[in-house]
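Counting convention: from 1, in listed order, for ligands and their atoms alike. Both backbone and side-chain heavy atoms feed into the values below; hydrogens, waters and symmetry mates do not.
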Amino acid sequence: MTQSVCILGATGSIGQSTLKILQQHPQEYSVFAVTAHSRIVELVEICKQYKPKIAVVPPHKVDELHQLFVQHQLADIEILSGEAGLIAVAEHAETDVVMAAIVGAAGLLPTLAAVKAGKRVLLANKEALVMSGDIMMQAALENNAALLPVDSEHNAIFQCLPQNYFSAERNGQPKLGVSQILLTASGGPFLHHTIERLQTVTPAQACKHPNWSMGQKISVDSATLMNKGLELIEACHLFSVKEHFVTVVVHPQSIIHSMVQYVDGSTLAQMGNPDMCTPIAHALAWPERIQTHVPALDLFQHSQLNFEEPDTVRFPALQLARQAMKTGGITPAVLNAANEIAVDAFLHGKIGFMQIPEIVERTLNRMENKAAASLEVIVQADQTARSIAQQLVMDKGS
Ligand code: NDP
Ligand code: MG
């Protein structure tokens, strides 16, 4: 039977890669709903090609989209708007699979709605899990939702874990002979820059990742290593381990996407060319496998695979995230919110690159930790952290 797919963030990098895979498998998958935020013309192109039943945009874009739909004979596609629209398609009875590929905290409520509705959720939007951690994992358990990692490292770890890993008890300890998770990091475009050089790097340089083509926010996160920090938190939740079971390994070639070590001395790695279509296809079809256009890895082309320890002095974001995970409560949500504000300020030329982790750290220092007892508490912490970080950005600018 055809699986009906809802793509949250269809106009983005992950959204487009997802569509590319779906296009290759029209018998197995159909596009039920797509969402966009600013790229309305691109959304119309997607709608022309994939003919979804519903499209979701922000309220101020509804008229523009409607006019374009009429112009392109797409008026039978229903338009929904705002957060309510995103939630409606994520939990819709006709949706089987949700690709959660909105960037940042904006994806939290729709992703959680999909999990609560018991969907198969392909998780790219790591910020949602960083913020809501236990609440999201508990909701997946209670509603029998399959929460499948799309982030290449977590998808790799998922592939290297024993099949029955997820049915074993969740207690913060690795299970079934697993001893350590090795989370690989490319190190980003500035891996060997001195601190002095890091002070003056530009947004354009930060967005030019050596191995992956991605949205702007995650590209900057990769350059600061905050992406690896967020991924460390993501791994702790997905695989139910405390932070000291996750070791970050810099591997500049991005051929090994992560590893799992076992008590008997084995280390299992998942390898492949760096192309997000592989983890997306894996999560879509799991436990089966489907074809992608990604070429098989040619190891003769990769005669060297290097590994090094991350430098937490030049890249303090990683340590801030590790500490946030250790502290728990609302702290990971605060870290994420401050980072979103700081990255946006950097992209708009308001602050320098090294001020990103500085603003995150100062925001963390200004907020008292408390238990992430409910979604409301988390959303409130996110909002407060955003205003503090925004104020710190303004102080820098003056
Ligand atoms: P992009 O910036 O390319 O795409 C983001 C998507 O989210 C777009 O469709 C965008 O709409 C939409 N969006 C942005 N802001 C909002 C908002 N406020 N409300 C609703 N929708 C919004 O990002 P990526 O595709 O690169 O990343 C998406 C997620 O996947 C991120 O969480 C990222 O960390 C994660 N990820 C990405 C990887 C990659 O290779 N790209 C790898 C692993 C994880 P529009 O474009 O119309 O404005
Ligand atoms: Mg990743």
Discussion item. E45 vs H72, test: side-chain hydrogen bond (donor to acceptor under 3.5 Å, both in side chains). Steps then yes/no.
Written reply: CA-CA 10 Å; E45 285 307 313; H72 294 276; 5.7 Å; no
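Side chain of T202 to main chain of Q205: a donor-acceptor pair is present (N/O by atom type, distance under 3.5 Å, no hydrogens or angles).
As for D151, its N/O/S atom nearest the Mg ion (ligand 2) is the one called OD1.
Ion pairing between a basic and an acidic side chain is recognised when a charged N comes within 4.0 Å of a carboxylate O; E78 and K53 show no such pairing. A salt bridge is defined here as a Lys NZ or Arg NE, NH1 or NH2 lying under 4.0 Å from an Asp or Glu carboxylate O, and K119 with E91 fails to meet this definition. Taking the charged nitrogens against the carboxylate oxygens, E358 and K396 do have a contact shorter than 4.0 Å, which makes a salt bridge.
Side-chain contact of Q261 with T267: a donor-acceptor pair under 3.5 Å is present, judged by distance alone.
Rounded to the nearest 0.5 Å, atoms CD1 (I359) and CD1 (I356) are 8.5 Å apart.
Seen from the Mg ion (ligand 2), atom OE1 on E153 and atom OE2 on E231 lie at an angle near 100° (rounded to 10 degrees).
Listed as neighbours of ligand 1 are G9, A10, T11, G12, S13, I14, A36, H37, S38, R39, A101, I102, V103, A106, A124, N125, K126, E127, D151, M214, G215, I218, M276, each bearing a heavy atom under 4.0 Å from the ligand.
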